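Here is the structure we will look at.
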Number of protein chains: 2
Amino acid sequence: MSVIEAIYEKCFTSEDSLLSLLTNEQNDYVRHNHTSLHYKKNDVLYKDGDVPTGLFILAEGKVKIFREGVGHRDQIVRMIKPYGLMGYRALFANETHITSAVAIEESTVIVIKKGDLLKLIHENSKFALGIINSLAANLGFSELRTVTLTQKHIRGRLAESIIFLKDTYGYEKDNCTLNVYLSREDIANLSNMTTSNAIRTLSAFAEEGVISLSGKKIRIENAEKLNKISTMG
Amino acid sequence: MSVIEAIYEKCFTSEDSLLSLLTNEQNDYVRHNHTSLHYKKNDVLYKDGDVPTGLFILAEGKVKIFREGVGHRDQIVRMIKPYGLMGYRALFANETHITSAVAIEESTVIVIKKGDLLKLIHENSKFALGIINSLAANLGFSELRTVTLTQKHIRGRLAESIIFLKDTYGYEKDNCTLNVYLSREDIANLSNMTTSNAIRTLSAFAEEGVISLSGKKIRIENAEKLNKISTMG
DNA sequence: ACTAAAATGTGTTTTTTAACACTATTTTTA
DNA sequence: TAAAAATAGTGTTAAAAAACACATTTTAGT
């Protein structure tokens, strides 16, 4: 099995994946009834206003979900890691998309179209509960985020974003470099601040020995201090 | 049938209520297997940190869902109207509550306990889809709200909150008075601003003829202008 | 009805952060 | 590989909104 095939396979079998909740029969059905899409860095998966077509499951890569707000300023509202779900919120709410999804690195996606998805939910209550669990977790994240983005000061917001990126994508082998590479602008859009302030505050953290920077690489040097900044503001 | 009984009955039959998706048999089951709770203004339904016990359906009244943030400043993240669901997000995410729910006026709630709820979902995929639809709608609201609360300026945020209250609770018989009475502090907590600024900005809107104020009564005098303030900032 | 407490309202000061203007560096691409 | 474009970085100014300090009014409890 090639590397690509192995990754693809895990999307159907990993217990982290929603698809692992399918019956053998359903699993088989989906294997023969889905679309597989490949995206390069900066490619658009869907955009604000589009009609949702189905459930997107990220097999490999990283995706940002954001909404354009006042004066072309984007707010990143979610970040997707492998086995994460996308494009289903609008579908289930019977709305058009209110956010856009863009690959931040090369990504592979499995798409299950609306009709098939509803069939799976109808047949399999465990699968339905998996969807419910995912939406509930997302809603919790969004509500927590609303509070911190509105109430914490710049340093607290940035520290929290760095911790969020660590929790979502983890470290590289060295156990301290964030396993995700974002532009300063994306970091700003995640943290509700201007790009200038993201740059400035990252530099301040580096100066204080909390993190260290080298291009887009961010290393957490003092996790405790970072937590404190995130919590205390 | 008394007024109370009629309200209660509608919760099981109104097509706006999730319970209308139940089969006759299930409907009957729930009628005999639920708790009915009554709350006075300012009573706590559940609070941040509590273990979720079941699905709360608001039969009558109004409830605010909020989270205490930095320095005891609350952020209201949802407002519930009759037939609205509460307390189910944490339950489905297998978490403790991350928000608190407090009645803003006398309220009646129907509680379906976790076991029964899971049984209903297992048996009835339409009901499951109803839950999914509700979570998806809430998530959309939360994501939109995150963007406006972080990006709009005070006037835009307050205007949007007033429109939100109108959309949620509607007008009184006069067709222009908001059918909900909030303290200035609650309005501030809904709009991410200090109480002083909520008071000041409400006065400014009244001065400009956009709204008129009389105690906790808010009348929309110029909906078009209000929309413009909300949209343009 | 009377008092204490809570909520509302207003002016001033201070803090935070965006906006702006620009340089330097890195990355694309022609 | 040189030019152009995009990204990163820095200092300064301006705007927005919080914090603070009170006065006034309304509400709740005895």
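Not measured: the values here are computed from a predicted model. Lettering of chains follows the sequences in order, A, B, ..., and the numbering in each one begins at 1.
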**Message:** Need two values: the first and the last nucleotide of DNA chain D, 5' to 3', having an atom under 4.0 Å from any heavy-atom of chain B.
**Reply:** D:dA16 to D:dC20
**Asked** Do B:Glu105 and B:Lys62 meet the salt-bridge criterion of a basic N to acidic O distance under 4.0 Å?
**Response** yes
**Prompt:** Toward the 5' end of DNA chain C, which comes first, A:Lys216 or A:His153, by nearest nucleotide?
**Reply:** A:His153
**Prompt:** Less than 4.0 Å between a side-chain N and a carboxylate O, is that true for B:Arg67 and B:Asp74?
**Reply:** no
**Message:** With no hydrogens and no angle check, just 3.5 Å: does a side-chain donor-acceptor pair link B:Asp186 and B:Tyr181?
**Reply:** no
**Asked** Do B:Arg157 side-chain atoms and B:Ser191 backbone N/O form a donor-acceptor pair below 3.5 Å?
**Response** yes
**Prompt:** Any salt bridge between A:Arg73 and A:Glu185, counting N to O under 4.0 Å?
**Reply:** no
**Asked** From the 5' end of DNA chain C to its 3' end, which nucleotides mark the outer limits of contact with chain A, defined by a 4.0 Å heavy-atom distance cut-off (strictly under)?
**Response** C:dT16 to C:dC20
**Request:** Ignoring hydrogens and angles, state whether a donor on the side chain of A:Ser142 or B:Glu143 is under 3.5 Å from an acceptor on the partner side chain.
**Result:** no
**Request:** Mind checking the OG-NZ spacing from A:Ser17 to A:Lys10? Nearest 0.5 Å is all I need.
**Result:** 11.0 Å
**Asked** Which pairs count as side-chain hydrogen bond (donor to acceptor under 3.5 Å, both in side chains) when at least one residue sits in residues 222-233 of chain B, sequence neighbours excluded?
**Response** B:Lys152-B:Ser230
**Message:** With a 4.5 Å cut-off on side-chain heavy atoms, are B:Ser36 and B:Val109 touching?
**Reply:** no
**Asked** With A:Ala137, which residues qualify under side-chain contact (heavy atoms from CB on, under 4.5 Å), at least two apart?
**Response** none
**Fill in**
With five pairs defining each end axis, the helix from C:dA1-D:dT30 to C:dA30-D:dT1 comes out bent, to 10°, by 60°
**Message:** So if I take residues 192-210 of chain A and measure heavy-atom distances to DNA chain D, which residues fall below 4.0 Å?
**Reply:** A:Ser196, A:Ile199, A:Arg200, A:Ser203
**Asked** How many angstroms lie between atom CG of B:Leu226 and atom CG of B:Leu158, to the nearest 0.5 angstrom?
**Response** 8.0 Å
**Request:** Give one of base, sugar-phosphate or nothing for A:Arg157, where a contact means two heavy atoms less than 4.0 Å apart.
**Result:** sugar-phosphate
**Message:** When you measure from the side chain of B:Arg89 to the backbone of A:Ala136, do you find a donor-acceptor pair of N or O atoms at a distance under 3.5 Å?
**Reply:** yes
**Asked** Just checking, B:Arg145 and B:Phe164: is the charged tip under 6.0 Å from the six-membered ring centre and within 45° of the axis?
**Response** yes
